[in-house]
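Below you'll find the structure, written out as structure tokens, and then a few comments.
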Amino acid sequence: MAHAVLGGAAGVVWLVLPGMTPGDDAPVAIKEPRQVVSAAAVTRESPRDRAGNAPPDSMQSHMQSHMQSHTAEDDGTSTTDLVLPLVAAGAVGAVAVYGSIRRVRRTRGRTTPGGVSGPPPVSTTPQSLAEPDAQACAALVRADDRLRAARAELGFARGLLGAAAVAPFARALGEAEGELAAAFRMRQRYDEGVPAEEAPRRHALAGMIGRCEEAGRRLDAVAGDFARLRDPERALPYAEARFRDLTGHTAAAQTRLAALAERYAPTATSAVTGAVEQAKDRLLFATLRLNLARQELFSGRAEDASRQLHSAEAAVAQAAVFVEGVDRTAAELRDAEETVPAALTGAEAELSTVRRHTVRADEPHPRLLNADAVLASVRQEVTSDRPYDPLSALRRIVRATVPLASGRAGVLPAAALSVARASAAAADDFVATHRGAVGATARTRLAEARRLLAEGAPEDIERADELALEARDLAERDVRLHGNPASPAPAGQPETDGSAGAVLGGILPGEAPAEEGGEHSAWGFGRP
């Protein structure tokens with residue numbers, strides 16, 4: 001554009017230059033030399049008398065006619081000189097206009113900052129997968145929540161009626177769990193980038209949703225039979241008995257957790273820190289719901305009583321998860337503490353074998369050096385008087401040694417399996433008791449970890465441990481982002497009724513935590 005403007009200015013100067021010549025009779029510009037010399041020769045050859053008299057009339061007429069011919073030539077030359085600048089100026093103007101049009105088009109089509117961005121052509125823009133992806137994640141969360149709740153309800157029914165009475169429903173639940181497991185497996189591969197193309201990925205998302213819906217249909221198919229099986233008049237006393245037993249167990253768990261905190265490092269009990277307090281919160285919620293269920297039953301509203309009972313049973317089940325988590329953690333730490341010395345011995349034997357097979361002993365393998373450092377660090381922790389984390393120590397031994405081990409030391413694979421199972425159990429407990437805030441990604445990683453543990457391939461055990469730890473981290477992040485729900489209590493009930501914990505635990509829906517009618521059954525009956 002700058003070049004075009006400069007050219008246009010030059011053309012204008014060229015145009016106005018002839019108008020700047022003086023207004024004398026004789027032209028200022030020098031014409032061709034031949035013409036100038038011819039005029040001078042005619043002047044010198046004019047016959048003048050010695051006294052300076054004027055030339056004769058004939059000679060003067062000749063000179064005038066000669067000058068008129070030159071004037072005509074000059075006029076012709078000036079016209080030609082004016083046409084050329086006009087043509088040049090027109091060309092320059094055309095170039096300037098063309099360049100300006102191209103610049104505007106480039107600016108409108110540019111998508112980088114600084115230009116006016118416009119929508120790209122529809123044919124070149126792939127359709128976004130954001131909406132079907134969100135739908136698939138929501139379907140996974142809903143299905144997982146429902147199956148977890150159904151599992152808790154089935155546990156109460158089994159305790160009340162026996163295993164034989166609930167066998168058909170256990171089979172239906174198992175089939176639904178198989179559908180959900182397949183959906184989670186598809187999601188895990190989807191997160192890993194398989195498949196890679198847009199169309200197959202869209203089909204995979206649709207397949208996840210279809211599997212989740214099929215899981216729900218498996219429960220819906222037996223919902224009527226399950227509803228007839230559960231009589232609130234019989235189920236309510238059993239739930240109240242479970243509540244009383246768990247209340248006494250919670251007090252014992254508090255004492256046990258305090259002892260664990262004194263014996264082991266803080267990281268050893270971090271997974272169950274605050275578990276007793278949260279168990280008490282769920283029990284408080286269960287107390288109020290059990291009372292409401294009894295009131296509804298006394299008033300003859302069996303359906304409303306059943307819904308209140310579902311909420312109470314779910315709260316009791318989550319309180320049991322918190323309390324049993326303390327007991328399980330205590331057992332895991334005790335077993336790990338007993339296993340660490342044997343694991344150290346087995347690891348050292350494996351490393352000795354590696355050293356013997358090293359080609360150049362003066363240049364040991366970097367992994368061997370790292371394993372030696374890890375074992376030395378663990379040995380120092382064990383022999384010191386300070387509390388340490390046995391599960392963490394066992395995990396470090398396994399991760400440093402297993403890549404180099406030959407597999408002959410059976411203690412290492414067993415230790416790796418124990419560590420992975422502990423990680424998966426802790427993650428599962430957290431998701432179960434915070435499912436109101438945990439998203440699909442954490443649940444997917446947990447499902448993949450459990451799948452690998454169920455298959456039991458030794459080469460996948462460490463991967464299962466990593467996935468379980470990732471699932472726990474993701475779930476905790478989801479809860480932090482979700483925040484602590486502040487839910488109003490139903491009319492006539494105290495504010496500290498445990499509803500906030502029930503919302504976080506997925507027992508009550510977040511949008512209507514104070515619904516007086518209680519929750520619907522996870523098996524489908526009573527659901528809208």
Side chain to side chain, Asp133 and Arg187, heavy atoms closer than 4.5 Å: yes
Is there a donor-acceptor pair closer than 3.5 Å between any side-chain N or O of Ser306 and the backbone N or O of Ala302? no
Shortest non-hydrogen contact between Asp497 and Leu288, atoms and distance: CB-CD1, 3.1 Å
Leu333/Glu337 under side-chain contact (heavy atoms from CB on, under 4.5 Å): CA gap, chis, key distance, verdict: CA-CA 6 Å; Leu333 291 174; Glu337 189 176 15; over 6 Å; no
Go through the side-chain N and O atoms of Ser521 and Glu153 and say whether any donor and acceptor fall under 3.5 Å apart. yes
CA sep, side-chain torsions, deciding dist, call: Arg228, Asp225, salt bridge (Lys or Arg N to Asp or Glu O under 4.0 Å): CA-CA 5 Å; Arg228 288 187 290 271; Asp225 294 338; 2.3 Å; yes
Do the non-hydrogen side-chain atoms of Arg450 and Asp428 ever get within less than 4.5 Å of each other? yes
Do Leu469 and Glu466 make a side-chain contact, defined as non-hydrogen atoms from C-beta onward lying under 4.5 Å apart? no
Just do the side-chain contact (heavy atoms from CB on, under 4.5 Å) check on Leu446 and Glu470 with the steps written out, would you? CA-CA 8 Å; Leu446 175 59; Glu470 182 183 359; over 6 Å; no
Check Arg217 with Asp220, please: is the shortest side-chain N to carboxylate O separation under 4.0 Å? no
Looking at Arg263 and Pro387, what are the two nearest heavy atoms and their distance? O-CB, 3.4 Å
Using a strict cut-off of less than 4.0 Å between a Lys/Arg side-chain nitrogen and an Asp/Glu carboxylate oxygen, indicate whether Glu448 and Arg451 qualify as a salt bridge. yes
Decide yes or no for His434 and His482: does some side-chain heavy atom of the first lie under 4.5 Å from some side-chain heavy atom of the second? no
Nearest 0.5 Å please: distance from the SG atom of Cys212 over to the CE atom of Met186. 9.5 Å
Regarding Thr433 and Arg282, is there a side-chain donor-to-acceptor distance under 3.5 Å anywhere? no
I need the single residue from Arg395, Glu332, Arg472 that forms a side-chain hydrogen bond (donor to acceptor under 3.5 Å, both in side chains) with Ser423. Which is it? Arg395
Test your reading of the model: is there a side-chain donor-acceptor pair from Gln318 to the backbone of Gly505, 3.5 Å cut-off? yes
Steps toward salt bridge (Lys or Arg N to Asp or Glu O under 4.0 Å) verdict (Glu214, Arg211): CA-CA 5 Å; Glu214 180 61 25; Arg211 291 279 191 173; over 6 Å; no
Taking Asp473 first and then Arg477, would you say they form a salt bridge - that is, a charged N and a carboxylate O separated by under 4.0 Å? no
Donor-acceptor contact below 3.5 Å, side chain Ser299 vs main chain Glu296: no
Let's go through Val398 and Glu462 carefully: what are the C-alpha distance in whole Å and the side-chain angles of both, what is the deciding distance for side-chain contact (heavy atoms from CB on, under 4.5 Å) to 0.1 Å, and is it a yes or a no? CA-CA 8 Å; Val398 168; Glu462 184 177 355; 5.7 Å; no
In Å and rounded to the nearest 0.5 Å, what is the CG to OG1 distance from Leu283 to Thr247? 5.0 Å
Does Glu192 have more than 12 heavy atoms from other residues, nucleotides or ligands lying within 6.0 Å of its CD? yes
Counting N and O atoms only, with roles assigned by atom type, does the side chain of Arg146 sit under 3.5 Å from a partner on the main chain of Ala522, one being a donor and the other an acceptor? yes
Any chance you could measure Leu394, atom CG, to Arg396, atom CZ, to the nearest 0.5 Å? 10.5 Å
Check for a donor-acceptor pair, side chain of Ser270 on one end and backbone N or O of Thr267 on the other, with a separation under 3.5 Å. yes
Least distance between heavy atoms, Ala165 atom then Leu229 atom: O-CD2, 4.1 Å
In this structure, CG of Leu219 is separated from CG of Leu147 (nearest 0.5 Å) by 5.5 Å
Does CD in Glu131 sit with more than 12 non-hydrogen atoms of other residues, nucleotides or ligands closer than 6.0 Å? no
Report yes or no: does Asn291 contribute a side-chain atom to a donor-acceptor pair with the main-chain N or O of Thr287 at less than 3.5 Å? yes
For the backbone of Leu246 and the side chain of Thr250, can you confirm whether one donor and one acceptor N or O come within less than 3.5 Å of each other? yes
Would you please test Arg445 and Asp191 for salt bridge (Lys or Arg N to Asp or Glu O under 4.0 Å) and show each step? CA-CA 10 Å; Arg445 302 296 179 270; Asp191 291 344; 3.0 Å; yes
If I take atom CG from residue Leu309 and atom OH from residue Tyr238, how far apart are they, to the nearest 0.5 angstrom? 12.0 Å
Please evaluate residues Leu375 and Arg379 with respect to the criterion side-chain contact (heavy atoms from CB on, under 4.5 Å), reporting the C-alpha separation (whole Å), side-chain torsions for both, the decisive distance (0.1 Å), and the verdict. CA-CA 6 Å; Leu375 295 184; Arg379 195 178 299 108; 4.0 Å; yes
Closer than 4.0 angstrom, basic N to acidic O: yes or no for Arg171 and Glu175? no
Nearest heavy-atom neighbours spanning Gly325 and Asp429: CA-OD2, 3.9 Å
Could you tell me whether the side chain of Arg435 reaches within less than 4.5 Å of the side chain of Asp144, counting heavy atoms only? no
Heavy-atom count check: over 12 atoms from other residues, nucleotides or ligands less than 6.0 Å from Gln380 CD? no
Considering all heavy atoms, the nearest Pro232-Leu297 contact: O-CD2, 4.2 Å
With a sphere of 6.0 Å drawn around CZ of Arg367, does it hold more than 12 non-hydrogen atoms of other residues, nucleotides or ligands? no
Single hit among Val272, Asp327, Val276 for side-chain contact (heavy atoms from CB on, under 4.5 Å) with Arg256: Asp327
Which pair of heavy atoms, one from Val411 and one from Ala342, lies closest together, and at what distance? CG1-O, 3.7 Å
Could you tell me the separation between the CG atom of Asp245 and the CD atom of Glu240, rounded to the nearest 0.5 Å? 12.0 Å
How are the rings of Trp523 and Phe226 set to each other: parallel, tilted or perpendicular (split at 30° and 60°)? parallel
Mind checking whether Leu404 and Thr353 have side chains closer than 4.5 Å, heavy atoms only? no
Check Asp145, Leu180, Leu474 against Arg443 for a side-chain contact (heavy atoms from CB on, under 4.5 Å) and give me the one that passes. Asp145
Any donor-acceptor pair under 3.5 Å linking the side chain of Asp478 with the backbone of Gly439? yes
With a 4.5 Å cut-off on side-chain heavy atoms, are Leu129 and Tyr190 touching? yes
Are Arg151 and Glu177 close enough for a salt bridge, meaning some N to O gap below 4.0 Å? yes
